[in-house]
Amino acid sequence: MASAPSSSEPAPAESRVADPGVRAGELHLPAAARELVKIVVVGPFGVGKTTLIDSVSEIRPLHTEEHLTQASTTVDDLDGVRDKKTTTVAIDFGRITLGGETVLYLFGTPGQERFRALWADIAYGALGALVLVDSRRLDASFDVLGLVEESGLTYAVAVNTFPDSHHYPEEQLRESLDLAPDTPLVECDARDRNSSVDALLALVEHLIDLNARAVAGEVRS
C-alpha cells in the first residue's frame with residue numbers, strides 16, 4: 001500500500017509542521033499564517049477520528065463525547081468495536097499548522113447514520129476530507145464514502161491500523177472501496193502524531209496537485 005511522506009524524513013519547507021509545543025495552551029494563530037483551510041475527518045463509528053485529532057492538534061482539542069448507554073445499542077452498530085465506551089455526538093475540533101503559513105482546522109464528524117443530518121452543516125466550506133477506514137470492517141465505510149462523494153469533496157483515505165487489523169494489498173483495498181486511481185490511499189496509526197500528520201499531508205498534497213492541474217488547464221484554455 002502507498003504511504004504518505006514520512007514525517008521522519010526532512011520535509012519541504014511548505015510541508016513542515018509547526019512545533020507541537022504550542023499545544024500546551026497557545027490559542028493564537030501563528031503570525032505568519034496565510035492560508036486557513038477547513039478539513040473534515042470522517043469515517044464510520046469507532047474508526048479513530050477523535051484519536052487522530054487528539055494526536056495532531058496543537059491546541060487543546062474540543063470534543064463533544066457522551067458515554068454510550070443501553071438505549072443506543074439498538075441504533076449504534078458495535079460490531080468490531082465492543083470495547084468502545086463513548087461516542088461523538090456533534091463534532092471534534094482541532095488545529096494544526098503546516099509550514100508556519102498553512103493552518104488546517106480539523107472537524108471530526110460523528111460516524112453513525114443517526115447523525116447524518118449534521119453532515120451538511122459540518123462539511124460546509126471544507127476544502128477536503130480525510131476518510132478513516134478500518135480494514136476489519138470495510139463495509140462500514142461504504143456509506144461514509146458515498147456521502148463524501150455526493151458532497152463533491154476531494155478526499156484521501158487512511159486505513160487506521162489496529163492490533164488485529166487485516167492487511168490487504170493496495171489493489172484489493174482500492175477495488176473494495178471503489179477508489180479512483182488518483183485518490184490517495186495510505187496507512188496510519190491514529191494514535192501516533194507523525195503517522196496522523198502524514199495522512200493529512202497526503203490529502204493536502206492531493207489538493208495542491210488538483211489545484212495546480214486546474215490552474216494549468218485554465219491557462220491552456
Side-chain angles (χ1 to χ4, degrees), residues 4 14-15 17-18 27 29-30 33-65 87-99 101-133 140-160 177-180 182-186 188 190 193 196-215:
E14 65 272 17
S15 297
V17 180
L27 296 178
L29 289 172
R34 295 292 181 270
E35 300 289 339
L36 309 181
V37 180
K38 180 178 181 180
I39 298 294
V40 290
V41 180
V42 301
F45 178 58
V47 77
K49 302 179 293 294
T50 298
T51 301
L52 183 141
I53 290 175
D54 265 349
S55 73
V56 301
S57 183
E58 63 195 17
I59 60 173
R60 186 183 299 278
L62 167 68
H63 297 307
T64 55
E65 287 200 318
T87 182
T88 299
V89 295
I91 63 168
D92 294 313
F93 174 77
R95 189 188 79 198
I96 181 172
T97 303
L98 303 178
E101 295 187 354
T102 302
V103 178
L104 303 186
Y105 290 110
L106 306 176
F107 289 77
T109 66
Q112 300 97 306
E113 177 64 27
R114 60 193 172 105
F115 295 114
R116 188 183 182 101
L118 292 173
W119 168 257
D121 290 333
I122 296 174
Y124 180 78
L127 192 60
L130 180 65
V131 182
L132 287 182
V133 303
S141 303
F142 298 160
D143 288 343
V144 175
L145 283 165
L147 191 60
V148 172
E149 291 178 349
E150 289 171 15
S151 72
L153 282 176
T154 298
Y155 65 94
V157 174
V159 180
N160 190 17
L177 297 172
D178 194 24
L179 300 181
D182 65 341
T183 299
L185 175 63
V186 300
C188 82
R193 186 175 193 274
S196 297
V197 168
D198 285 345
L200 288 168
L201 285 174
L203 171 61
V204 170
E205 291 173 357
H206 185 45
L207 289 167
I208 291 172
D209 180 60
L210 289 178
N211 182 68
R213 280 191 264 166
V215 171

Legend entry - Contact summary for G94 and S57, nearest pair of heavy atoms: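 Heavy atoms only, the tightest pair is CA-OG, 3.4 Å.
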Inset, instruction - Could you pull out the closest heavy-atom pair between V42 and K49, with the gap in Å? - result: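 Shortest heavy-atom contact: C-CD, 3.5 Å.
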Inset, instruction - Output all residues satisfying salt bridge (Lys or Arg N to Asp or Glu O under 4.0 Å) with D209, sequence neighbours left out; order by chain, then residue number. - result: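 Per chain and number, D209 pairs via salt bridge (Lys or Arg N to Asp or Glu O under 4.0 Å) with R213.
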Inset, instruction - Report, as yes or no, whether the 6.0 Å neighbourhood of atom CZ on F142 holds more than 12 heavy atoms from other residues, nucleotides or ligands. - result: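 Atom CZ in F142 is crowded, with more than 12 foreign heavy atoms closer than 6.0 Å.
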Inset, instruction - With sequence neighbours excluded, tell me which residues meet side-chain hydrogen bond (donor to acceptor under 3.5 Å, both in side chains) with E149. - result: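 For E149 the side-chain hydrogen bond (donor to acceptor under 3.5 Å, both in side chains) partners, ignoring immediate neighbours, are Y155.
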Legend entry - Partners meeting side-chain hydrogen bond (donor to acceptor under 3.5 Å, both in side chains) with N211 (sequence neighbours left out):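 Partners of N211 by the side-chain hydrogen bond (donor to acceptor under 3.5 Å, both in side chains) criterion come out as none, since no residue qualifies.
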Side-chain heavy atoms of [X] within contact of [Y], under 4.5 Å:
{"X": "T97", "Y": "T102", "result": "no"}
{"X": "L185", "Y": "L179", "result": "yes"}
{"X": "L62", "Y": "D92", "result": "no"}

I'd like to know if the side chain of [X] reaches the main chain of [Y], judged simply by a donor and an acceptor atom lying under 3.5 Å from each other, with no hydrogens or angles considered.
{"X": "N160", "Y": "L132", "value": "no"}
{"X": "S196", "Y": "V56", "value": "no"}
{"X": "S55", "Y": "A190", "value": "yes"}

Test of understanding: with side-chain contact (heavy atoms from CB on, under 4.5 Å), list the residues that count as partners of [X], not counting sequence neighbours.
{"X": "L153", "value": "V40, W119, A123, A126, A129, V148, S151"}
{"X": "L127", "value": "V37, L207"}
{"X": "A212", "value": "none"}
{"X": "Y105", "value": "L29, L36, F93, R95, V103, F107"}

Inset, instruction - Using the side-chain hydrogen bond (donor to acceptor under 3.5 Å, both in side chains) rule, collect all pairs that involve residues 33-43, keeping only residues at least two apart or in two chains. - result: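 Output for this query is empty, none listed.
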Can you measure from [atom1] ([X]) to [atom2] ([Y]) and round to the nearest 0.5 angstrom?
{"X": "D143", "Y": "E150", "atom1": "CG", "atom2": "CD", "value": "9.5 Å"}
{"X": "L177", "Y": "S141", "atom1": "CG", "atom2": "OG", "value": "6.5 Å"}
{"X": "I53", "Y": "L104", "atom1": "CD1", "atom2": "CG", "value": "11.0 Å"}
{"X": "L145", "Y": "D178", "atom1": "CG", "atom2": "CG", "value": "9.0 Å"}
{"X": "T154", "Y": "D182", "atom1": "OG1", "atom2": "CG", "value": "9.0 Å"}
{"X": "I39", "Y": "I96", "atom1": "CD1", "atom2": "CD1", "value": "11.0 Å"}

Inset, instruction - Check the pair V47 / V144 against side chain to side chain contact (heavy atoms under 4.5 Å, CB included), numbers first and verdict last. - result: CA-CA 12 Å; V47 77; V144 175; over 6 Å; no
Inset, instruction - Report the residue from L203, V133, V186, L130 that forms a side-chain contact (heavy atoms from CB on, under 4.5 Å) with V157. - result: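 Of all the options given, the one that passes is V133.
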